[in-house]
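This report concerns only the one structure given below.
The structure presented is a predicted model; accordingly, all values stated were derived computationally and were not measured. The figures here come from the full heavy-atom set of this structure, side chains too, leaving out hydrogens, waters and symmetry mates. Start at 1 and go down the list; that is how both ligands and their atoms are numbered.
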Amino acid sequence: MSWKSIAQEEEVIAEKAKVVELGDARIALFYTEGKIYAIDDRCPHVGASLACGYVKGLVVDCPWHHARFSLTTGANLSPPDFGPVRAYKTRIVDGMVEIDL
Ligand code: FES
């Protein structure tokens with residue numbers, strides 16, 4: 001495991017969804033159901049920012065064409081199906097969100 005600190009927990013909770021750039025990657029952080037989840041931000045269909053999507057429970061609905069992704073596994077749950085997004089394990093250490101790269 002390779003944990004990396006990427007955001008303040010307090011900030012993610014307040015904003016509910018936040019994008020963090022990590023090199024060439026964009027990671028979307030979501031606060032829902034009392035926990036912080038992390039998936040790749042770029043929708044594999046045409047690249048919409050999933051952090052701008054609509055969250056219901058542990059699923060985010062892409063804002064452009066409404067593909068739905070699991071926040072826990074990154075699986076695509078509905079069409080258009082261009083595959084999953086990467087999901088990252090998260091943990092909180094000293095008020096900071098860490099993801100397992
Ligand atoms: S860009 Fe996400 S479903 Fe089309």
Side-chain angles (χ1 to χ4, degrees):
M1 293 201 178
S2 173
W3 293 97
K4 181 156 185 69
S5 179
I6 62 168
Q8 292 184 339
E9 176 188 25
E10 206 171 83
E11 203 176 319
V12 178
I13 290 172
E15 295 179 23
K16 305 281 191 245
K18 177 179 180 62
V19 178
V20 175
E21 295 193 5
L22 212 55
D24 291 339
R26 285 192 339 235
I27 312 295
L29 298 172
F30 298 91
Y31 177 69
T32 181
E33 307 276 319
K35 195 172 171 229
I36 293 174
Y37 296 88
I39 61 174
D40 278 336
D41 182 52
R42 202 180 314 268
C43 179
H45 180 215
V46 194
S49 169
L50 294 175
C52 296
Y54 313 99
V55 175
K56 188 171 181 188
L58 298 177
V59 174
V60 62
D61 188 317
C62 177
W64 287 359
H65 312 103
H66 306 290
R68 296 167 60 238
F69 297 91
S70 164
L71 296 182
T72 57
T73 66
N76 185 322
L77 304 173
S78 69
D81 186 356
F82 285 81
V85 292
R86 183 174 174 189
Y88 303 86
K89 289 182 181 165
T90 62
R91 70 181 184 186
I92 306 300
V93 177
D94 296 332
M96 295 297 292
V97 180
E98 294 186 355
I99 64 170
D100 182 10
L101 295 173

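Ala51 and Ala28 make their closest contact through CB-CB, 4.0 Å (heavy atoms, listed as atom of the first residue, atom of the second, distance). Nearest heavy-atom pair, Tyr31 versus Ile36, reported as atom, atom and distance to 0.1 Å: CD1-CG1, 3.8 Å. Closest approach of Pro84 and Pro44 over heavy atoms only: O-CG, 4.0 Å.
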Stepwise side chain to side chain contact (heavy atoms under 4.5 Å, CB included) check, Ile92 with Val97: CA-CA 5 Å; Ile92 306 300; Val97 180; 3.9 Å; yes

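Residue contact check: Cys62 has heavy atoms under 4.0 Å from atoms 1 (S), 2 (Fe), 3 (S) of ligand 1. Close approach to Trp64 involves these atoms of ligand 1, each under 4.0 Å from a residue heavy atom: 1 (S). Contact atoms of ligand 1 toward Ala67: 3 (S) (distance under 4.0 Å to a heavy atom of the residue).
In Pro80, the part holding a heavy atom less than 4.0 Å from any atom of ligand 1 is the side chain.
At a threshold of 2.8 Å, atom 4 (Fe) of ligand 1 has a backbone or side-chain N, O or S atom of His45 nearer than that distance. Between atom 4 (Fe) of ligand 1 and His65 there is an N/O/S contact shorter than 2.8 Å.
The aromatic rings of His66 and Tyr54 sit parallel to each other, their planes meeting at less than 30°, with 60° as the upper class boundary.
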